[in-house]
Engineer: 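Have a look at this one before I ask anything.
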Amino acid sequence: FRSPSRVGKPPRKVCTSMAPSTRQFALTDTAVLSLQEGDLTKFKGDAIVNAANDRLLGGGGVDGAIHNAAGPKLLAACKALPIVQKPAIRCPTGDAKITEGFDLPASWVIHTVGPIYSQHSKQEAASLLASAHKNSLVLANEKGMKSVAFPAISCGVYGYPLHEAAKVALKACQEGAGSVKTIAFILFSEDTYSVWREEAEALGLQP
Ligand code: AR6
């Protein structure tokens, strides 16, 4: 049956809104992996991980979004971290530092720096990306955190191929989870989310 007013018009869509994609896997005996498509700055947990640069002075991409959402105190807290290498490096590639989350729903921001893909051999890039994840989780464990959310570190302007990055990131989190109960990846696009889901399945993780 079509009401007279709809004659000649295309049928109404039954459902126009789709629930955002999300999937859970057992990452270790004690940790859950939660894959979500969405905005990392909205994560309500202990910490979000920032894909920062080595100066920790903010930037574009997820770094810019985190600084916008956290407010100016985040930049002040980053500036207060010591410079550990000349000229003005506060966080060498593969390392991680921590600040409060200020206006974010998450209590903490763990700032890490992934490799610029074109500047390293494939093996070196993988080792630096794994370190970025593991060192972030070391800080999370030191603070007794139960939930931490990562973006796709190095997969934006730093140019890391998605499938390679997902493999490295998931393995590093599996090895470094410690006593963190929930490790989330909050991925900004459907494409990135699908790659993480495929690589979680390829790693043999079970729902
Ligand atoms: N929530 C989740 N993911 C996001 C968000 C968000 N709000 N915004 C962007 N992404 P990028 P990188 C995704 O370039 O490659 C900065 O300027 C994005 O789609 O932010 O590690 C820093 O200061 C991509 O999948 O980080 C550094 O200079 C992923 O986050 C440099 O970029 C990472 O993209 C770091 O480059």
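Whatever order the structure lists ligands and atoms in, that order sets their numbers, starting from 1.
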Engineer: Assess the side chains of Asp46 and Ser107: does a donor N or O sit below 3.5 Å from an acceptor N or O?
Structural biologist: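 No, Ser107 and Asp46 have no side-chain donor paired with an acceptor closer than 3.5 Å.
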Engineer: Any N or O on Leu40 sitting closer than 3.5 Å to an N or O of ligand 1?
Structural biologist: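 In this structure, Leu40 places an N or O atom under 3.5 Å from an N or O of ligand 1.
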Engineer: Kindly identify the option in Ala132, Gly156, Ala165 whose heavy atom sits closest to atom 11 (P) of ligand 1.
Structural biologist: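 Of the listed residues, Gly156 has the closest heavy atom.
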Engineer: Any idea which protein heavy atom is nearest atom 21 (O) of ligand 1, and the distance to it?
Structural biologist: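 Ranking protein heavy atoms by distance from atom 21 (O) of ligand 1, first comes Ser154 N, 2.8 Å.
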Engineer: What protein heavy atom sits nearest atom 26 (O) of ligand 1, and how far away is it?
Structural biologist: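 The closest heavy atom on the protein side is Ala51 CB, 3.8 Å.
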Engineer: Does Ile186 have a non-hydrogen atom less than 4.0 Å from ligand 1?
Structural biologist: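 Yes; Ile186 lies near enough to ligand 1 that a heavy-atom distance drops under 4.0 Å.
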Engineer: In the single-linkage hydrophobic clustering (I, L, V, M, F, W, Y; side-chain heavy atoms under 4.5 Å), do Val62 and Ile48 co-cluster?
Structural biologist: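 Same hydrophobic cluster.
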Engineer: I need the atoms of ligand 1 closer than 4.0 Å to a non-hydrogen atom of Gly60, numbered in the order shown.
Structural biologist: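 Answer, ordered by atom number: 16 (C), 17 (O).
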Engineer: Got a sec: does the NZ of Lys146 have more than 12 other heavy atoms crowding it under 6.0 Å?
Structural biologist: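 More than 12 within 6.0 Å, yes.
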Engineer: Among protein heavy atoms, which sits nearest to atom 27 (C) of ligand 1, and what does the distance come to when rounded to 0.1 Å?
Structural biologist: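 Here the closest protein heavy atom is Tyr158 OH, 3.6 Å.
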Engineer: Answer with yes or no whether the hydrophobic clustering places Val49 together with Val168; edges join I, L, V, M, F, W, Y residues whose side-chain heavy atoms lie under 4.5 Å apart.
Structural biologist: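 Yes, same cluster.
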Engineer: Just need the protein heavy atom nearest to atom 3 (N) of ligand 1, so name the residue and atom and give the distance.
Structural biologist: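 Ranking protein heavy atoms by distance from atom 3 (N) of ligand 1, first comes Phe188 CB, 3.5 Å.
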Engineer: Among Asp39, Val62, Asp54, which one puts a heavy atom closest to atom 5 (C) of ligand 1?
Structural biologist: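 The option holding the nearest heavy atom is Val62.
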Engineer: Heavy-atom distance to atom 33 (C) of ligand 1: which of Gly38, Ala149, Ala152 wins?
Structural biologist: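 When every heavy atom of Gly38, Ala149, Ala152 is considered, Ala152 comes closest to atom 33 (C) of ligand 1.
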Engineer: Is there a path of hydrophobic side-chain contacts, each under 4.5 Å between heavy atoms of I/L/V/M/F/W/Y residues, joining Val148 to Tyr193?
Structural biologist: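 Result: yes, single cluster for both.
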Engineer: Mind checking whether Trp108 and Ile153 sit in one hydrophobic cluster, side chains of I, L, V, M, F, W, Y counted as touching below 4.5 Å?
Structural biologist: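 As far as the 4.5 Å side-chain criterion goes, Ile153 and Trp108 are connected within one cluster.
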Engineer: Quick one: does Cys155 get a heavy atom under 4.0 Å from ligand 1?
Structural biologist: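 Yes.
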Engineer: With only distance considered, is Val157 within less than 3.5 Å of ligand 1 through an N or O on each side?
Structural biologist: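 By distance alone, the answer is yes.
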Engineer: Would you call the rings of His111 and His67 parallel, tilted or perpendicular, where under 30° means parallel and over 60° means perpendicular?
Structural biologist: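 If you compare the ring of His111 with that of His67, the planes turn out tilted.
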Engineer: Does the protein put a heavy atom less than 4.0 Å from atom 18 (C) of ligand 1?
Structural biologist: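 There is no protein heavy atom less than 4.0 Å from atom 18 (C) of ligand 1.
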Engineer: Between Arg23 and Glu201 (salt bridge meaning N to carboxylate O under 4.0 Å), is one present in this structure?
Structural biologist: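 Between Glu201 and Arg23 there is a salt bridge, with a charged N closer than 4.0 Å to a carboxylate O.
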Engineer: So, applying side chain to side chain contact (heavy atoms under 4.5 Å, CB included) with Met145, which one of Leu137, Leu139, Ile110 is it?
Structural biologist: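 It is Ile110, the one option of Leu137, Leu139, Ile110 that forms the side chain to side chain contact (heavy atoms under 4.5 Å, CB included) with Met145.
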